[in-house]
Amino acid sequence: MAQKLISISDPNLIQSGIVKSLHKLQVPLWVDGQNVIFEDGSVRKSPGFIAIFTALGTNPIIGIQDVLVQNTPNLLFGDIEALYRWDGTSLTTEATGFTGSLSRAAFQSSAFASNAFQVTGNLLSSLWSMTNFGTWALASNGIDPIQIDKMLGAGAVALSGTPPTYAAVIIHYINYIIAFNTDLGGEFAEWCDTDNPEDWVNGAAGFLPIRDLDSVIVAVASLGTSIAVYGNNSLALFQYIGPPFYFGAKKVLEGIGSVGKFAVVSREGLNYGLSKQGFWRTDGSGYDYISPPFLRKWLEDHVNWGQAFKVAGFLNEDRSLIEWGISIDGASEPNVTVCYNFDSKTWTFRNYGITSAVKKGVFTLPVFGDKDGKVYYGEYGFNADTSALDAWAQTRPLPGDNHLAWKDIEFFISYMTVVSGNVSIEIGVQENLDDEITWSNPITLNEDSNPQYSDTGGSLGAGRYISLKIRSTGLEDDWRIAGFDIYGAETGSEI
């Protein structure tokens, strides 16, 4: 009679996330995978995404802002050469002729180790920093004049009222537009008059140097009632203090910073971000690095730090995830997305990169752009637009109760729910941990089959260590697994 060799059913273990770059026996359960999420004590295929409209260009989308205009969700987004608007029905080019393409190329030649956040003077890379002011949208690429689009059909034009000549980063804060890293200097903040983005000279308009940061201002993000201002490895808080000075700022932390404009994400009084040392979290009074050693090693081995200024993060509230699109393995644009679950403190990965994004709000779904000039709704269906979303997860080698015993596998029971489509399960065996895994033929389960019990009538393999891989590669595949048992016989021991 077959005996139970492996049993995995602990919900905390099942949803422990993907842990790469550790010794295989140190991994809680899942050693690799992509396009899966861990929630409710299970592993499930991640929802997919779908294009919102046919793109007008093929350059990477390097800035997106959502704006509600007459109760209709709108998007302003840009690439290195132009700004575009989607009004829910039609797609229009709002402005062209920007010089970002030249500065972007210059930036790409910069070395990360030599103040890579600067091209000339205090200029950051030409990603579009965007914000809204009511039904208006503003955009600044750190090179050209700040643009304003009043969403009235006239397109985007240079902001009037003597604003900064350029600004690396802009943000809407209380009743003001604040511009950071301007032509006054890389450490400066400038702001408009109260409730008037078209006046930067009169009334409450002013400027302020933010002293003691370790570099030019790289990124800003809302943090409670303040604006968090990040250098490469330091944090200052920028706050409203009222007339006559209106704003004040003070450096508060060293040890965290941002690799780029989009690398910091706000959530409920916290910021999450990426610096050269790893992923971190702060409330403005202290910080901790949330990336464990395995992830720091993975970052060191794979991230193209010369392109780290393009890291793009956003909050995916529906999945309790902070997601960052990152360039790895020599890619010049983000080609993977690293996801942190802030509830379970676990990690997962997507095999596609986001280049800019906005959380759901004006739109009922998150919106993101990619390196090919396309804009998508996230959390939509289970496909990669019109293609299948390849989703899989693989366990570490599991020794059972006796790592010395040889195990002959007869069948497995999977606590699997196949909602639609198909999913395959493979059993892998090894004699030693450094041996290549020998995989069984895939056993396909679908919504019409009994996913609980899979018996091929013969051996699924034999070895001292057993691995399990779940994978789906078809359109509309949707599944989740909450555990599994592997049965067979121990047929001997090396001692």
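- With hydrogens and angles ignored, the 3.5 Å screen pairs a side-chain donor or acceptor of D477 with a backbone N or O of N422.
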| task | Would you check, one step at a time, whether the test side chain to side chain contact (heavy atoms under 4.5 Å, CB included) holds for V36 with I18? | result | CA-CA 9 Å; V36 291; I18 295 171; 4.2 Å; yes

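- Side chains of S285 and D283: a donor on one and an acceptor on the other come within 3.5 Å.
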| query | Going through the distances and angles, do K20 and L295 end up as a side chain to side chain contact (heavy atoms under 4.5 Å, CB included)? | reply | CA-CA 7 Å; K20 302 185 180 189; L295 188 55; over 6 Å; no

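- Below 30°, between 30° and 60°, or above 60°: for Y377 and F363 the angle between ring planes is between 30° and 60°, a tilted geometry.
- With respect to the salt-bridge test (charged N to carboxylate O, under 4.0 angstrom), the residues R471 and E426 do not qualify.
- A donor-acceptor pair under 3.5 Å is formed between the side chain of Q15 and the backbone N or O of D40.
- Taken to the nearest 0.5 Å, the CD1 atom of I50 stands 13.0 Å off from the CZ atom of F382.
- The backbone N or O of G278 lies less than 3.5 Å from no partner atom in the side chain of S291, so there is not a single donor-acceptor pair.
- Taking 4.0 Å as the cut-off between side-chain N and carboxylate O, K360 and E379 do not count as a salt-bridged pair.
- Within the 3.5 Å criterion, the main-chain N or O of E323 finds no donor-acceptor partner in the side chain of T337.
- A donor-acceptor pair under 3.5 Å is absent between the side-chain atoms of R480 and the main chain of S42, judged by distance alone.
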| said: side chain to side chain donor-acceptor pair (under 3.5 Å), that's the test. Do N233 and E254 meet it? Break it down for me. | reply: CA-CA 6 Å; N233 196 44; E254 290 184 352; over 6 Å; no

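- In summary, the side chains of N271 and Y287 do not present any donor paired with an acceptor at a separation below 3.5 Å, with no hydrogens or angles considered.
- Distance check: W280 CH2 to L253 CG gives 9.5 Å after rounding to the nearest 0.5 Å.
- By the 4.5 Å heavy-atom criterion applied to side chains, W86 and P73 are not counted as neighbours.
- The shortest distance between side-chain heavy atoms of H172 and L138 does not fall below 4.5 Å.
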| query | Can you list the steps and then say if N341 with T348 is a side chain to side chain contact (heavy atoms under 4.5 Å, CB included)? | reply | CA-CA 8 Å; N341 187 307; T348 190; over 6 Å; no

| request: Test F412 against L460 for side chain to side chain contact (heavy atoms under 4.5 Å, CB included), laying out the working first. | output: CA-CA 9 Å; F412 64 83; L460 290 171; 4.0 Å; yes

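- Crowding of K371 atom NZ: a count of heavy atoms from other residues, nucleotides or ligands under 6.0 Å not exceeding 12.
- Using a cutoff of 4.0 Å between basic side-chain nitrogens and carboxylate oxygens, E39 and R44 are scored as salt-bridged.
- In this structure, W479 CH2 and S424 OG are separated by 9.5 Å, a value rounded to the nearest 0.5 Å.
- Remark: side-chain polar atoms of N335 are paired, donor with acceptor, to backbone N or O of I328 under 3.5 angstrom.
- The structure places CD1 of I170 at 6.5 Å from CD1 of I177, a figure rounded to the nearest 0.5 Å.
- A distance of 10.5 Å separates CD in Q34 from OG in S46, rounded to the nearest 0.5 Å.
- With a 4.5 Å cut-off on side-chain heavy atoms, F180 and I171 count as touching.
- Closest of all the heavy-atom pairs between D408 and L5 is O-CD1, 4.1 Å.
- Contact of the V169 side chain with the N181 side chain is not registered, since no non-hydrogen atoms from C-beta on lie closer than 4.5 Å.
- A donor-acceptor pair shorter than 3.5 Å cannot be found between the side chains of D385 and Y376.
- With contacts defined as side-chain heavy-atom distances shorter than 4.5 Å, the pair P47/I37 qualifies.
- At least one donor-acceptor pair under 3.5 Å links the side chain of D79 to the backbone N or O of E81.
- Using cut-offs of 30° and 60° on the angle between ring planes, the pair F77 and F53 is parallel.
- A donor atom on one side chain and an acceptor atom on the other are found under 3.5 Å apart for S234 and D214.
- Looking only at distances, no side-chain donor or acceptor of N432 sits under 3.5 Å from a matching main-chain atom of D434.
- The main-chain N or O of D435 is found under 3.5 Å from a side-chain atom of Q430 such that the two form a donor-acceptor pair.
- Between T395 and W30 the shortest side-chain heavy-atom distance falls below 4.5 Å.
- Checking D390 against N35 by side-chain atom types alone, no donor-acceptor pair falls below 3.5 Å.
- Under a 4.0 Å N-O distance rule, the pair R85/D149 does not qualify as a salt bridge.
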| request: Dump the intermediate steps for side chain to side chain donor-acceptor pair (under 3.5 Å) on Q277 and S275, then the final yes or no. | output: CA-CA 5 Å; Q277 292 73 39; S275 69; 3.1 Å; yes

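- Counting non-hydrogen atoms of neighbouring residues, nucleotides and ligands closer than 6.0 angstrom, the OH atom of Y380 reaches no more than 12 such neighbours.
- Atoms CZ and NZ, from F309 and K261 in turn, are 10.0 Å apart once rounded to the nearest 0.5 Å.
- In N441, the CG atom is not crowded: 12 or fewer heavy atoms of neighbouring residues, nucleotides or ligands sit closer than 6.0 Å.
- Contact annotation: the side chain of I481 approaches that of S414 to within less than 4.5 Å [non-hydrogen atoms, C-beta and beyond].
- Looking at heavy atoms from C-beta onward, L398 lies in side-chain contact with L29 at the 4.5 angstrom threshold.
- R464 contributes a side-chain N or O that, together with a main-chain N or O of H403, makes up a donor-acceptor pair within less than 3.5 Å.
- A salt bridge is absent between K45 and D478; no separation between the charged side-chain nitrogens and carboxylate oxygens falls under 4.0 Å.
- In this structure, F279 has its ring center closer than 6.0 angstrom to the ring center of W347.
- The side-chain tip of K24 does not point at the ring of Y465 from less than 6.0 angstrom away and within 45° of straight on.
- Ring geometry for W136 against F133 counts as tilted: the plane angle lies between 30° and 60°, on a 0 to 90° scale.
- Note that R296 lies outside the cation-pi zone of Y289, set by a 6.0 Å cut-off to the ring centre and a 45° limit from the axis.
- Just one residue in the list W298, Y340, F38 forms a ring-ring contact (aromatic ring centres under 6.0 Å, His included) with F349, and that residue is W298.
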